[in-house]
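In what follows, a structure is listed as structure tokens, so that the remarks can point back to it.
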Amino acid sequence: MVKMPEIKRELYACLQCGYCIRVCPSYEQTPWESITPRGKIYYLNQIANRSPMDTLLRRKVEIDDEFVEAIYRCTGCAQCETVCHVSIEFGDFWEKVREWLVDQGKGPLPVHAKLAEKIRATRNPYGEPTSARDKWWPKEVPRPENPEIIFFAGCTGSYRATDIAKAGAIVLHRAGVNVDALGADEWCCSSPALRTGQIDLTTEHAEHNLLAVENRGAKAMVTTCAGCYKTTTTDYGKYFSNPTFPVYHFSQFVNDLIKDKKLKFTKELNVKVTYHDPCHLGRHAGVFEEPREVIQKIPGVEFVEMPRNRMGSRCCGAGGGFKSAFNDAAVNIAAERVREAVATGADVLATACPFCVVNLQAGAKKIGAKIRVVDISQLLLEATEPVEAEETKA
């Protein structure tokens with residue numbers, strides 16, 4: 001008998017109704033019943049209730065490679081949760097199942113195991129040197145010894161989408177925020193490992209990152225990364241401790257700066273903008289309105305919504321280890337989201353996560369869409385450019 005995780009309630013509750021199939025981004029790309037939430041729960045039930053009769057009837061009921069791939073062929077977006085008639089909390093459910101597979105020695109997929117190895121060796125999933133963690137830091141932003149705010153760039157912001165990290169730090173500086181980064185002391189939040197069932201890194205990384213912020217005497221932490229935000233605010237408390245200081249997503253913090261008239265706009269952008277909700281920030285963490293409020297406050301911006309937004313937002317395809325294992329499918333999912341954005345007539349598709357930006361840009365490139373894909377921090381960078389800089393350009 002295979003030892004199962006604590007998921008009996010979910011297995012018994014599932015009605016096999018199939019509503020989850022209609023919203024599953026993975027199923028759109030790979031229309032196999034076996035990868036749908038309903039299909040995977042059905043098979044988990046078969047494993048849980050396996051009997052000698054299965055052997056007599058030569059029924060294959062086991063944790064094989066096909067089933068493991070089906071579990072990982074999921075972005076972790078949890079949109080299935082929003083349509084579930086029996087309120088199965090799929091966001092946590094799939095992570096629990098992946099953790100179980102790892103515990104059974106059946107998971108993760110090889111590519112995910114390599115990500116965790118790199119995090120252990122270099123404190124980031126890209127295998128980049130820790131000494132280069134804050135190489136992106138803008139020259140015009142001073143680095144105080146005792147910052148009030150720690151800017152947590154995240155791994156993608158630090159090593160791949162550095163323009164987003166740079167934009168975030170500059171915008172905060174322009175608002176008069178006393179800000180610095182942790183440099184080599186900023187470790188991966190552990191999300192890439194955690195989302196793929198590899199939970200052994202989180203306690204150590206949570207302890208290190210939280211203590212690193214506390215040791216700098218900072219009053220709060222701000223991050224432009226939706227994954228880092230969710231992990232820090234939601235998961236650290238499960239594996240180590242909740243932060244002793246406030247943790248803000250960049251859009252939340254900047255929204256307050258604008259309300260307090262500390263961030264001043266110097267330029268009208270005159271563009272039509274639509275917004276993509278990152279799954280980690282929106283559906284998982286409940287941050288929906290602040291990013292929209294920030295965008296709508298930028299002079300000259302006409303804001304338009306895509307039909308699927310907020311809790312019903314379509315996934316970009318990058319999360320849950322999906323992009324690292326199934327990149328082509330991830331880019332195809334992003335391309336579908338870009339098509340929705342283009343249909344609104346928007347010039348700009350803005351979001352609030354470096355990983356979403358990277359994948360949506362790949363999706364736009366694949367279909368030849370001319371729409372600009374940017375992070376909110378980059379829009380604010382343009383709209384708050386000092387007047388002196390404009391005169392210098394002239």
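Residue pairs meeting the side-chain hydrogen bond (donor to acceptor under 3.5 Å, both in side chains) criterion with at least one partner in residues 14-28, sequence neighbours excluded, are E28-R314. Residue pairs meeting the salt bridge (Lys or Arg N to Asp or Glu O under 4.0 Å) criterion with at least one member in residues 154-179, sequence neighbours excluded: E128-R160.
The local environment of CG in D65 is sparse, with at most 12 non-hydrogen atoms from other residues, nucleotides or ligands closer than 6.0 Å. Residue K365 qualifies as open at atom NZ: its count of foreign heavy atoms under 6.0 Å is 12 or below. For CZ of F288, the number of neighbouring non-hydrogen atoms (other residues, nucleotides, ligands) closer than 6.0 Å is greater than 12.
Between I258 and the options I298, T384, L263, a side chain to side chain contact (heavy atoms under 4.5 Å, CB included) holds for only L263.
The closest side-chain donor-acceptor pair between E293 and N255 falls under 3.5 angstrom.
Taking the ring axis of W100 as reference, the NZ or CZ atom of K106 does not stay both within 45° of it and closer than 6.0 Å to the ring centre. For the pair R73 and F326, the cation-pi test (distance below 6.0 Å, angle within 45°) is passed.
A donor-acceptor contact shorter than 3.5 Å is absent between the side chain of D277 and the backbone of N309. In this structure, N45 contributes its side chain and L11 its backbone to a donor-acceptor pair below 3.5 Å. Between the R133 side chain and the S158 main chain, no donor and acceptor come within less than 3.5 Å of each other.
In this structure, the ring of Y229 has its center no less than 6.0 angstrom from the ring center of H280. In this structure, the ring of Y43 has its center less than 6.0 angstrom from the ring center of F67.
Using cut-offs of 30° and 60° for the angle between ring planes, the Y159 and Y126 rings count as perpendicular. The aromatic rings of F250 and F151 stand perpendicular to each other, their planes meeting at an angle above 60°, with 30° marking the opposite boundary.
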